[in-house]
Each structure stands twice: as structure tokens, then as C-alpha cells.
Participant: 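A single structure is presented below for examination.
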Amino acid sequence: MTTISEQLEARRNEARLGGGQKRIDAQHKRGKLTARERIEVLLDAGSFEEYDMYKTHRCVDFGMAEQQVPGDGVVTGWGTINGRPVYLYSQDFTVFGGSLSESHAEKICKVMDLAMQNGVPVIGISDSGGARIQEGVASLAGYSEVFYRNAQASGAIPQISMIMGPSAGGAVYSPAMTDFIFMVKDTSYMFVTGPDVVKTVTNEIVTAEELGGAGTHTKKSSVADGAYENDVEALLDLRRFYSFLPLNAEVSAPHQPSTDDWDREDTSLDTLIPDNPNQPYDMREVITKLADEGDFFEIQKEFAGNLMVGFIRINGETIGVVANQPMVLAGCLDINASRKGARFVRFCNAFNIPILTLEDVPGFLPGTSQEYGGIIKHGAKLLFAYAQATVPLVTVITRKAYGGAYCVMAPKHLGADVNYAWPSAQIAVMGAKGATEILHRADLGDEEKIAAHTADYEDRFANPFIAAQRGFVDEVINPRSTRRRIARSFELLKNKKVQQPFKKHDNIPL
Ligand code: HXC
């Protein structure tokens with residue numbers, strides 16, 4: 001006779017087997033971990049507490065009454081990552097292809113409700129054939145229940161999506177409403193309509209990978225924020241990423257003690273800016289030299305490289321960095337960079353993460369493709385996001401701050417708290433050459449005169465002191481001292497409070 005404990009263990013083991021060993025082997029053969037193995041890699045050892053392990057679907061059509069698998073294709077519950085709690089769900093492709101039934105959706109909604117109630121983030125691991133075909137509208141309703149919660153949770157708790165298999169059809173819209181999406185190369189894809197439908201409707205022949213693989217979404221569409229070689233690499237880096245985030249919108253990100261001296265000077269920064277203003281340098285070097293232990297978690301590394309965004313720590317505190325990259329498009333702001341920057345600034349502001357802006361921007365990218373594509377509206381997103389941000393804002397102008405881009409990139413006038421400039425900064429309406437050609441049109445063709453006008457303009461404007469005279473720059477600093485300056489500033493700004501006028505919500509130019 002078996003004991004009650006043995007019976008319980010037998011039931012648990014049945015649930016743990018999901019769709020059976022054959023399907024587990026098939027999952028492994030594709031280079032994918034199972035839903036439970038993924039949880040094991042992601043969470044601290046022994047911390048996972050599973051809910052609804054025995055829950056099954058209620059469908060009786062298409063012979064489904066005889067096909068009951070405990071758990072119904074999704075593993076849900078909570079655990080810890082480096083000791084900090086997280087709710088999660090992990091779809092089990094071995095059970096009906098991880099498809100979403102009414103019960104499956106109820107399990108996801110339960111952990112989302114608990115997460116919102118308890119102020120704890122949610123991580124969703126997607127590996128699913130979409131709506132459970134046998135259930136029809138019941139499964140569609142389940143999706144909408146999840147979507148509703150994604151919207152409710154947005155800005156209240158961080159939501160992170162890890163795409164580790166198919167995510168097709170309307171199923172893509174749950175990840176799309178979360179804060180960050182990460183994908184695994186070659187084994188995951190996201191699209192609203194698959195290659196077959198695309199072929200039927202538009203005659204385009206495209207593979208699933210080309211249509212919605214990690215490469216497409218990290219380089220072209222910007223739907224995804226990062227891509228990894230395999231499941232283990234992705235989940236281990238997610239553990240690292242999680243450490244930068246606060247649990248909810250009412251608390252700060254965790255302090256991480258560092259052995260890196262907060263007032264460390266870096267003399268190499270003094271000589272980083274080339275003498276020739278048209279010569280690029282690598283702003284990523286500035287970021288890593290300012291960061292605790294050089295640790296920079298970059299978001300959307302492969303998209304709109306002219307603007308880098310991501311998380312660092314300074315003196316143990318999480319800081320969101322927005323930085324122009326002179327190595328790509330000379331650091332110009334374009335549609336893609338504006339959208340990328342705006343969304344990042346909004347995330348940081350929603351979750352109390354102070355923002356450091358490193359500025360070297362010659363302006364907005366000119367051209368018909370930009371104007372036709374709506375750079376006016378997209379550029380306004382970044383402007384709006386900064387203007388609305390109430391978290392501590394520190395800006396360092398390393399070189400160019402020209403024109404409209406100066407107005408957008410967290411100047412004092414938009415509410416930035418502390419604005420520094422390196423001695424190499426040039427703050428003006430435009431570059432010397434362009435300015436001279438407009439101001440002295442009559443002298444065009446007379447090289448000597450034009451050279452003299454250009455030199456005069458450079459003398460007057462290619463420096464940070466005119467802005468400093470007006471108080472638009474608080475201090476011109478030695479590049480080597482930047483880390484100490486910004487660490488002190490952020491420390492002082494910790495209790496910043498800003499009064500906002502009453503509104504239901506803003507109307508950011510979407
Ligand atoms: C029920 C499903 C299923 C689904 C897969 N399965 N998708 N069962 N509902 N949506 C089952 C299969 O029958 C199979 O069962 C097992 O999962 C594995 O599927 P395979 O096809 O053998 O795997 P693979 O070759 O890897 O192909 C995976 C796949 C394909 C690309 C995801 O299964 C597929 O195209 N599925 C349908 C996708 C789809 O059109 N979904 C609806 C989208 S619309 P056995 O028993 O053989 O293991 C949608 C609406 C959402 O989602 C609306 C929200 C707004």
C-alpha cells in the first residue's frame with residue numbers, strides 16, 4: 001500500500017512529465033529546454049513554488065475530454081532570483097504545443113493578479129502554438145484576459161517576456177505589452193501571421209526565421225530587446241538583468257554593493273574626444289568607464305546604434321543611460337533612435353530609475369525618408385518622455401549639442417536637474433560651417449572670408465561657456481572627474497519630488 005506522501009509524489013511526477021518523454025526528447029533535440037528546466041535555470045535553487053499543477057482544461061470537443069494533462073501546458077508559480085521574488089509562467093510545448101486554453105489562461109492570470117497585488121514583477125516564458133484550436137472562443141477570451149492584465153500591470157510592476165519557441169498570431173500581443181522582450185536565436189519566432197498566410201495574401205515567400213526570428217526582431221522591427229544563442233545563456237543573463245530592476249513602481253531598484261570606488265577618476269577620458277570635431281569616438285567606452293565595474297546591460301544593442309540605452313550602476317545604484325553614439329550616423333537622432341530612447345526613458349521614469357544622458361548629437365537626421373516616416377512625431381516622443389520624467393536627471397554634454405537635438409536631449413529647460421559639459425562641448429544652433437553658410441550667404445565663394453567667419457563662429461560658439469554663462473550648464477567639468485560628479489549628483493537627488501498637474505493620463509504622441 002502506498003502512503004499519502006507517495007500518492008502525492010506520484011501525482012506530482014505525472015504532472016512534471018508534461019506531454020511525455022517522447023515530446024520532451026523532441027524538445028531537447030531542437031536545442032530547447034523544457035518549461036520546468038527553464039525555471040530551474042532561472043530561479044535560485046529550490047526556490048520555486050508551483051501553483052495549479054493539477055489544473056486541466058474543460059474542453060470536451062474533438063475528443064479532448066479523454067486528453068487531460070495535469071497543468072494544461074503551462075507551469076506557473078513564484079520563486080526568487082538572487083533572493084528577490086518573482087512570479088512567472090513558463091509554457092510547456094510538450095502539452096498541446098503549449099497552446100493557450102481557457103484554463104491555461106486562468107493560470108497565467110492568477111500569477112499576474114498576485115504579482116500586481118504584491119508588487120512583484122512577472123516573467124513570462126513563451127513557447128506556444130497560440131490559441132488552443134479545439135477551444136475556439138474560450139481560448140480567445142483567455143488571451144484577452146491576459147492582455148487586460150498586461151495593460152493593468154504596465155507601469156506598476158516590471159513585466160519581462162522571454163520568447164523561447166513559437167509566439168504566433170494574437171499571442172504576440174501579450175509580450176508586446178510587456179516592458180522587455182528577449183528571444184533565443186534560431187528556436188524562437190514571433191509573427192502576427194505566419195509564412196503560409198503571408199504567401200497566400202502577399203505572394204511573398206519567407207521563412208519563419210526571416211519573418212519573425214530573433215535577428216528580425218532585434219535588428220529590423222525592434223520588437224525584441226535582445227537575442228541569445230541558447231536557452232541557458234538567455235536565462236542566466238535574465239538573472240543578471242533582473243538585478244537592475246525594482247520590484248514595483250513604489251520602490252527603488254536594489255542597491256548592489258560595489259568594490260569600485262565611487263569617486264574613481266579616469267584620466268583616459270580627458271583625451272578621448274578627438275581634436276577633429278568630425279572624427280567619431282566610441283561613447284560605449286565612456287559608459288563602461290563611468291559604470292561600476294564597467295558593467296553595462298545594453299537594451300536593443302542591434303537597433304538604432306546611433307542612440308545607446310541600457311542600465312549601469314553608479315555607487316551601487318541602478319542608473320538608466322541614454323547616450324548618443326558618434327560612431328553610428330554621427331550620433332544623429334532619427335526615427336528609430338527617438339522611439340528607442342523614448343520608450344527607455346518612460347520605463348526608467350515609471351520605475352524610479354534615475355537617468356544619465358551622455359550627449360554628443362549633431363542634430364536630427366535630415367531627409368525625405370525621415371520626414372515622410374514622421375520624424376516630427378517620433379522625435380516628439382523622446383522630447384515628451386524627457387519633459388515628463390520626474391526621476392533624477394543628470395546630463396553630460398561631451399561634445400556636440402546642436403539645434404533641436406540640444407532641446408530634446410535632457411537640457412535643463414525640460415527639467416533636467418544637473419547639466420554638466422566637458423570642455424570639448426559645443427552648444428549651438430548648428431555646426432560652424434552650416435551657420436556660416438546661412439549667416440554669410442553673400443560671401444559664399446570667397447573662401448578666405450568664409451574661413452574667417454567660420455573661425456569666428458567656432459571661437460564664439462564651439463565651447464560650453466555661453467551656455468554656462470546663462471546657467472544652462474551648471475559646471476564645466478574635467479572628463480576624468482565625471483564619475484565622481486554624477487555619483488554625488490544622483491546621491492543628492494535621491495529624494496527629488498516633483499508636483500504634476502492633475503490629469504487622467506498624458507497624451508504622448510504615439
Ligand atoms: C492545439 C496545438 C496547437 C494549437 C500546436 N498544437 N498548436 N494544439 N492548438 N494552436 C499541437 C499539435 O497538434 C501537436 O500535437 C503539438 O502541439 C506540436 O505541434 P507540431 O505542429 O507537431 O509542432 P511543430 O512542427 O513544431 O509546429 C509548431 C507550430 C504548429 C508552428 C506552432 O503547431 C502550428 O502552426 N500550430 C498552429 C499555430 C496557429 O495557427 N495557432 C493559432 C494562432 S491564432 P501532438 O499531439 O502531435 O504532439 C491565435 C489567436 C490568438 O493564436 C488571438 C489573440 C488575439
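Order of listing sets the numbers, starting from 1, for every ligand and every atom in it. As the structure is a computational prediction, the values presented were derived from the model and not from experiment.
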Participant: Which atom pairs, donor and acceptor, lie under 3.5 Å between side-chain atoms of residues 243-252 and protein residues at least two apart or in another chain?
Facilitator:
{"from": "S243", "atom 1": "OG", "to": "R240", "atom 2": "O", "distance (Å)": "2.6"}
{"from": "S243", "atom 1": "OG", "to": "R313", "atom 2": "NH2", "distance (Å)": "2.9"}
{"from": "N248", "atom 1": "OD1", "to": "E250", "atom 2": "N", "distance (Å)": "2.8"}
{"from": "N248", "atom 1": "OD1", "to": "V251", "atom 2": "N", "distance (Å)": "3.4"}
{"from": "N248", "atom 1": "ND2", "to": "G119", "atom 2": "O", "distance (Å)": "2.9"}

Participant: Tell me the residues surrounding ligand 1, counting only those with a heavy atom closer than 4.0 angstrom, sorted by chain and number.
Facilitator: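 Lining ligand 1 at under 4.0 Å, by heavy atoms, one finds R23, R30, F93, F96, G97, S99, G129, G130, A131, R132, I133, Q134, L140, Y143, F147, P166, A168, G170, Y189.
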Participant: Hey, what's the ring geometry for F96 with H57, parallel, tilted or perpendicular (30° and 60° as the breaks)?
Facilitator: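 Judged by the thresholds at 30° and 60°, the geometry between F96 and H57 is perpendicular.
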Participant: Can you check whether Y242 and F180 have ring centres sitting under 6.0 Å from each other?
Facilitator: no
Participant: Just distance, no hydrogens or angles: give the donor-acceptor pairs under 3.5 Å from side chains in residues 364-373, sequence neighbours left out.
Facilitator:
{"from": "Q370", "atom 1": "OE1", "to": "I335", "atom 2": "N", "distance (Å)": "3.0"}

Participant: Mind checking whether F347 and F351 have parallel, tilted or perpendicular rings, split at 30° and 60°?
Facilitator: tilted
Participant: If you look only at pairs with a residue in residues 133-144, which of them pass as a side chain to side chain donor-acceptor pair (under 3.5 Å), with sequence neighbours excluded?
Facilitator: none
